[in-house]
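Predicted, not measured: the structure shown is a model, and the values here were computed from it. For ligands, and for the atoms within them, numbers begin at 1 and follow the listed sequence.
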Amino acid sequence: MDYKAQIISEIDHQSDKLWEISSSIFTEPEIAFKEHKSCNILSEALKAAGYSIETGIGGLDTAFRAIYGDDSKPRIAILAEYDALVGLGHACGHHLIAAAAVGAGLGLASINPKLTGQIQVIGTPAEEGGGGKILLAKAGIFDNVDAAMMFHPASKNLVLRRSLASAKLKLEFFGKASHAAAAPEEGINALDALILTFNNINAIRPTFAPKDRVAGIIMNGGEAANIVPAYTSADFSIRAISAKRRDVLVEQVIACAHAGAKAVSCQLKFEVKPGYKEIIPNRILAGLFKANLELLGRVVLEPDPNERMGSTDMGDVSHLLPAIHPYLAIAPENIAGHTVEFREYSISIAGRAAMLDAAKALAMTTVDLLINPDLLSEAKKELASELK
Ligand SMILES: [Zn+2]
Ligand SMILES: [Zn+2]
């Protein structure tokens, strides 16, 4: 029996329903950790197809896990995101990711007789802020999963694009207030420490690698121009090609802040909030996904070395188990995510086509892995060598 043909036909058959799911999530955007309606729509659709549903997994109200098949191995997870951007709605196209994951789930449920193994569709909240996948991983949700996949809409078809590792850093400088005209010599200027910090960072900027990113804004710059600022603070977003390189950059920025504080005798306090790790796209899985996209008639591009990249909590998942986060084009190349224009494309015919192709390719790749579990052992070996 041709499982893949059956999957394609089932997803085509369900295409209007999948588009309706996608459109209703788009129409009522819900931000991180508040995706109650979206979580409900998605889990209900999978339940109707025979999946057993658990909601609130990992202590997250808007997370869910839909399981099909008995407890046999391998266990393949298809991940859904469904959070929107504050103020911009679904300008990252997560409604398409969600509907594609459900579509893949429906396609796989339609295969009868069942293949050996278990399908999990996991609803992962708060990708845009909060790192739902990291919280689910900490709660052990991925412990018994052999591979994880999702798709993301973009402006190109890519299976191997990486993402940047990220971190947030908060700096606070404590000085001493004084009259800026009558007694400046008695003050300790916390704003000067902060300005020196920015200048120190700019002094080392020429040593940065091409994908190193250090961006900062002043949150508190003082109270009034006639008072020596006693307290200032700044927030930094730091990203790099890998979590290792990101950690080096964080240390360098902290050293710049120490130097600024020391120059004017301020006290420095800092807080590092680790963000997301970089994606390690698994080449075995990516190769299968690419071949399936090509079967569906899509041309897949090699990532450009200068590819624009953001960060995603799928990066952290990809450090734990073989994973892919491929991109399907819904918009022309000059249209970036998180814009009103990208949001319009995400509800267009191109958005619908990408969602359906992604659903099919995710399900077809799952079939490849269930039929040939040796590929999973190779994928795991590949990850182990990447992490060395
Ligand atoms: Zn986004
Ligand atoms: Zn996104």
Ring pair (Phe, Tyr, Trp, His ring centres under 6.0 Å) partners of F142, counting only residues at least two apart:
none
What's the verdict on ring pair (Phe, Tyr, Trp, His ring centres under 6.0 Å) for Y82 and F26, showing C-alpha distance, side-chain angles and the deciding distance?
CA-CA 9 Å; Y82 33 91; F26 177 87; over 10 Å; no
Before you tell me yes or no, could you show the steps for H95 and S346 under side-chain contact (heavy atoms from CB on, under 4.5 Å), namely the whole-Å CA-CA distance, both residues' side-chain angles and the distance that decides it to 0.1 Å?
CA-CA 8 Å; H95 56 296; S346 80; 2.9 Å; yes
Please table the atom pairs, donor to acceptor, closer than 3.5 Å between any side-chain atom in residues 257-269 and protein atoms at least two apart or in another chain.
none

Indicate if F151 and I11 have the same hydrophobic cluster label, given that clusters are the connected sets of ILVMFWY residues with side-chain heavy-atom separations under 4.5 angstrom.
yes
Could you please give the number of protein N/O/S atoms within less than 2.8 Å of the Zn ion (ligand 2)?
3
Within residues 345-368 or reaching into it, pairs that qualify as salt bridge (charged side-chain N to carboxylate O under 4.0 Å, His left out) - sequence neighbours excluded:
K4-D368, D12-K360, D16-R352, R298-D357
